[in-house]
Amino acid sequence: MLTLAIDTATKVCSVALCRDQEILAEYNISMGMTHSEGLLPQLEQLLQRTKITKEEIELIAVSMGPGSFTGLRIGLATAEAMAYTWKCPLHGVNTLRALAYNLPLEDLVFSPVLDAQKGNYYQALYQWQDGQLVELAPLQVVSKAELVERIKALGQKALILGECRKLAALELPAAIRLAPQALVMPKASSVALLAQQEFNPEADKKIFGLEPYYVRKSEAEELWEKRQKQQ
């Protein structure tokens, strides 16, 4: 299945083309450019360089969060517009689960994390077992200390992926390490591979109405509610 994937859940703007398990092309840019500026040019270059036409795309995959509120909205709106215009199926995937697809290795616990602001992180725990990604612990918003304790409780070697640069200063147990820099951040190719595993042509008939997985309210929403209570 020829899949076009988008991940704008973090500061990285990532787009990819995958045919089944083969990664045909991928652009990952993390240079401070806003996704509203960079996403469409990246998609255009991806198709031009691969000489793949929109008519050939069989599935559009998009990262649904958790992650940046603005980034997720931009990615989803773009994916919905393309799916509608190209008459192509659309499938959204969990960003943390897609991160674990960066390293399909068994005998390790994977702890994808994303910045939830105010010193907290979005975290879930996964492990590859017999070629399948298994969830060991569901997504939670945790502090740095809680993040490490959740991993330690499993008593296994573990890798942390995602927005974990601030965790490098912590004294992590010997069994817990940060993933290699080249594989630590979200990749659209992982979004594509996960989407191909999850896609159900009968269930995934809806293009509009998908909701990003925000988990918590945005700073703007929290500020608005605070002001309303003070009136």
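Looking at Thr34 and Leu39, their side chains never come closer than 4.5 Å, going by heavy atoms from C-beta outward. Using a 4.5 Å heavy-atom cutoff, the side chains of Tyr121 and Leu114 are not in contact. Side-chain atoms of Leu147 and Tyr122, non-hydrogen and from C-beta on, never get closer than 4.5 Å to each other.
Take Thr50 and apply the side-chain hydrogen bond (donor to acceptor under 3.5 Å, both in side chains) test, not counting sequence neighbours, and it matches no residue. Evaluation of the ring pair (Phe, Tyr, Trp, His ring centres under 6.0 Å) rule for Tyr101 yields Trp128 as partners, not counting sequence neighbours. For the side-chain hydrogen bond (donor to acceptor under 3.5 Å, both in side chains) test, no residue two or more places apart in sequence or in another chain qualifies with Gln197.
Residues Val191 and Tyr27 do not share a hydrophobic cluster, defined by chaining ILVMFWY side chains whose heavy atoms lie under 4.5 Å apart. Connection of Tyr213 to Leu210 is not established within any shared hydrophobic cluster, with ILVMFWY side chains joined at heavy-atom distances below 4.5 Å, either directly or through further cluster members.
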Donor-acceptor contacts, no H, no angles, side chain residues 6-13, under 3.5 Å, sequence neighbours left out:
{"residue": "Asp7", "atom": "OD1", "partner": "Ala9", "partner atom": "N", "Å": "3.0"}
{"residue": "Asp7", "atom": "OD2", "partner": "Ser63", "partner atom": "OG", "Å": "3.3"}
{"residue": "Thr8", "atom": "OG1", "partner": "Gly71", "partner atom": "O", "Å": "2.6"}
{"residue": "Thr8", "atom": "OG1", "partner": "Gly75", "partner atom": "N", "Å": "3.4"}
{"residue": "Thr10", "atom": "OG1", "partner": "Val12", "partner atom": "N", "Å": "3.2"}

Under 3.5 Å, side-chain donor or acceptor atoms of residues 152-162 against the rest of the protein: list the pairs with distances, not counting sequence neighbours.
{"residue": "Lys152", "atom": "NZ", "partner": "Glu149", "partner atom": "OE2", "Å": "3.4"}
{"residue": "Gln156", "atom": "OE1", "partner": "Gln127", "partner atom": "NE2", "Å": "2.8"}

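Within 6.0 Å of CD in Gln181 there are 12 or fewer heavy atoms belonging to other residues, nucleotides or ligands. Atom CG of Asn200 has more than 12 heavy atoms from other residues, nucleotides or ligands within 6.0 Å.
For residues 156-212, the ring-ring contact (aromatic ring centres under 6.0 Å, His included) pairs, not counting sequence neighbours, are Tyr84-Phe208.
For Ser14 and Asn28, the side-chain atoms include at least one donor-acceptor pair closer than 3.5 Å.
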